[in-house]
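Both counts, for ligands and for their atoms, begin at 1 and track the order of listing. Note that this is a predicted model, so its numbers are computed, not measured.
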Amino acid sequence: MQKVTLFEGDGIGPEITREVVRIIDALQLPIEFEPYDIGKTAFENCGELIPQASLNSIKRNKIALKAPVTTPIGHGFRSVNVGLRLAFDLFANIRPAKSIPNVKTRYEDIDLVVFRENTEDLYIGLEEEIDENTIHAIKKITRHASERIIRAAFDYAVKNNRKKVTCVHKANILKKSDGLFLKIFNEIKEEYPTIETNDLIVDNTCMQLVMNPEKFDIMVMPNLYGDILSDLTSGLIGGLGLLPSANLNEEYAIFEAVHGSAPDIAGQNIANPTALLLSACMMLDHIGYTTEANKVRHAIEDVYQNTTIRTKDVKGTASTTEFANEIIARL
Ligand code: NAI
């Protein structure tokens with residue numbers, strides 16, 4: 001029996017988690033979810049955003065499915081997501097963006113994956129006040145972190161029959177930091193002669209993504225560019241409600257939707273569970289249930305392609321539960 005730590009999260013978290021668990025349960029796999037608290041709910045219950053029991057559960061199970069959480073606003077609250085990534089050194093943030101049939105956007109046939117380095121760059125939070133009108137922020141790029149994210153992108157490309165890996169950087173200006181990232185990319189690409197490669201400066205990448213997003217395949221980049229570009233790619237396929245993600249290293253993996261806890265629509269049973277469900281599919285792939293993951297993906301495609309049952313964010317009127325019922329009917 002594979003145990004999976006489950007965080008229902010805050011806001012729309014419990015509503016979408018309930019439906020995703022119902023769908024995964026319908027597959028009748030030997031998977032058991034272990035629910036734990038994290039985020040605002042955990043803070044209200046026990047005074048901690050990431051309780052030790054929750055951390056221990058991830059340590060035991062190595063795999064977690066996490067719904068979005070609300071980070072309370074106030075001095076001293078570090079983001080739960082950053083906290084988890086650092087606690088488990090989850091260096092790879094993987095965000096696939098694939099067009100969903102019949103979800104109307106400006107583009108069709110998008111099928112790209114962003115590999116975002118998750119542990120360094122400007123996100124180490126080292127800002128120094130030189131004087132009240134001058135702040136320095138440290139951008140940290142290391143060989144160790146760059147090598148492992150770039151290699152993860154190439155390994156994924158090989159494993160998933162992808163054709164091309166693009167390195168995104170700003171090495172023309174940040175000659176040393178992004179220069180090192182690009183240098184390592186050029187070294188590692190030699191180990192993967194069957195994969196086509198190129199590199200693009202981040203500003204040009206934004207333009208190309210808006211003009212011709214279907215030309216991109218796998219993209220790998222430092223933390224900040226990955227944060228921004230992966231939100232951009234969610235917009236290309238129809239919005240935040242559709243984009244899944246994985247945060248992982250060789251030992252631990254946390255799967256979650258890219259979107260937040262959406263307090264503006266919480267408690268109404270109208271949130272789109274697709275992003276969390278696709279994240280659960282990535283989890284099934286990770287455990288080795290690829291056939292079952294694809295079964296769920298096909299069910300999602302079928303519902304979007306052949307019915308009008310969909311949630312409000314993608315121009316429908318269905319509730320979260322009604323959408324999930326349609327998926328289950330196809331399993
Ligand atoms: P958000 O992603 O929660 O919401 C942005 C907009 O997208 C809202 O209009 C919301 O209704 C809509 N939306 C998001 N997910 C949706 C879904 N599944 N179905 C339908 N509509 C959806 O971002 P926001 O409002 O900036 O943040 C709200 C809270 O979430 C904050 O406390 C923030 O810290 C937290 N957050 C948590 C994340 C996580 O746990 N991974 C990631 C991003 C934000």
Contact check: Asn81 vs ligand 1, nitrogen or oxygen atoms, below 3.5 angstrom: yes
Examine the proximity of ligand 1 to Pro263 and report which part, side chain or backbone, both or neither, has a heavy atom under 4.0 Å away. side chain
Can you tell me if Val258 has a non-hydrogen atom under 4.0 Å from ligand 1? yes
Working note: Arg330 + Glu326, criterion salt bridge (charged side-chain N to carboxylate O under 4.0 Å, His left out); need CA distance, chi angles, decisive distance, verdict. CA-CA 7 Å; Arg330 282 160 176 76; Glu326 281 303 302; 2.9 Å; yes
Can Lys66 be said to touch ligand 1, with heavy atoms closer than 4.0 Å? yes
Smallest heavy-atom separation, Ser245 atom then Ser279 atom, equals N-OG, 3.5 Å
Intermediate values then yes/no, ring pair (Phe, Tyr, Trp, His ring centres under 6.0 Å), Phe7 and Tyr36: CA-CA 5 Å; Phe7 298 120; Tyr36 277 88; 7.1 Å; no
Under 4.0 Å from atom 6 (C) of ligand 1, is there at least one protein heavy atom? no
Closest protein heavy atom to atom 29 (C) of ligand 1, given as residue, atom name and distance to 0.1 Å: Ser261 OG, 3.2 Å
One finds that the ligand 1 atoms under 4.0 Å from a non-hydrogen atom of Thr70 are 32 (O)
Kindly determine whether Thr41 and Asp10 satisfy side chain to side chain donor-acceptor pair (under 3.5 Å), including the steps that lead there. CA-CA 6 Å; Thr41 314; Asp10 306 310; 2.4 Å; yes
Quiz question for you: does at least one protein heavy atom lie closer than 4.0 Å to atom 27 (O) of ligand 1? no
Establish, for the pair Arg116 and Tyr123, whether the NZ or CZ atom is under 6.0 angstrom from the six-membered ring centre and no further than 45 degrees off its axis. yes
So which heavy atom in the protein is nearest atom 34 (O) of ligand 1, and how far is it from that ligand atom? Thr71 N, 4.0 Å
Can you check atom 24 (P) of ligand 1: any protein non-hydrogen atom closer than 4.0 Å? no
Option whose closest heavy atom lies nearest to atom 16 (C) of ligand 1, chosen from Ile12, Asp313, Leu240: Ile12
Is Lys312 touching ligand 1 with its side chain, its backbone, both, or neither, if touching means heavy atoms under 4.0 Å apart? neither
Check: of Asp10, Asp264, Asn247, Asn272, min heavy-atom distance to atom 18 (N) of ligand 1 comes from Asn272
Please walk me through it: do Tyr225 and Phe181 pass side chain to side chain contact (heavy atoms under 4.5 Å, CB included)? CA-CA 13 Å; Tyr225 312 142; Phe181 193 85; over 6 Å; no
Of the listed options (Val69, Leu243, Asp231, Val80), which comes nearest to atom 37 (C) of ligand 1 when hydrogens are ignored and any heavy atom counts? Val69
What protein heavy atom lies closest to atom 13 (N) of ligand 1? Include the residue and the distance to one decimal. Ala262 CB, 4.0 Å
heavy-atom search around atom 22 (C) of ligand 1 in the protein gives Ile265 CD1, 4.1 Å
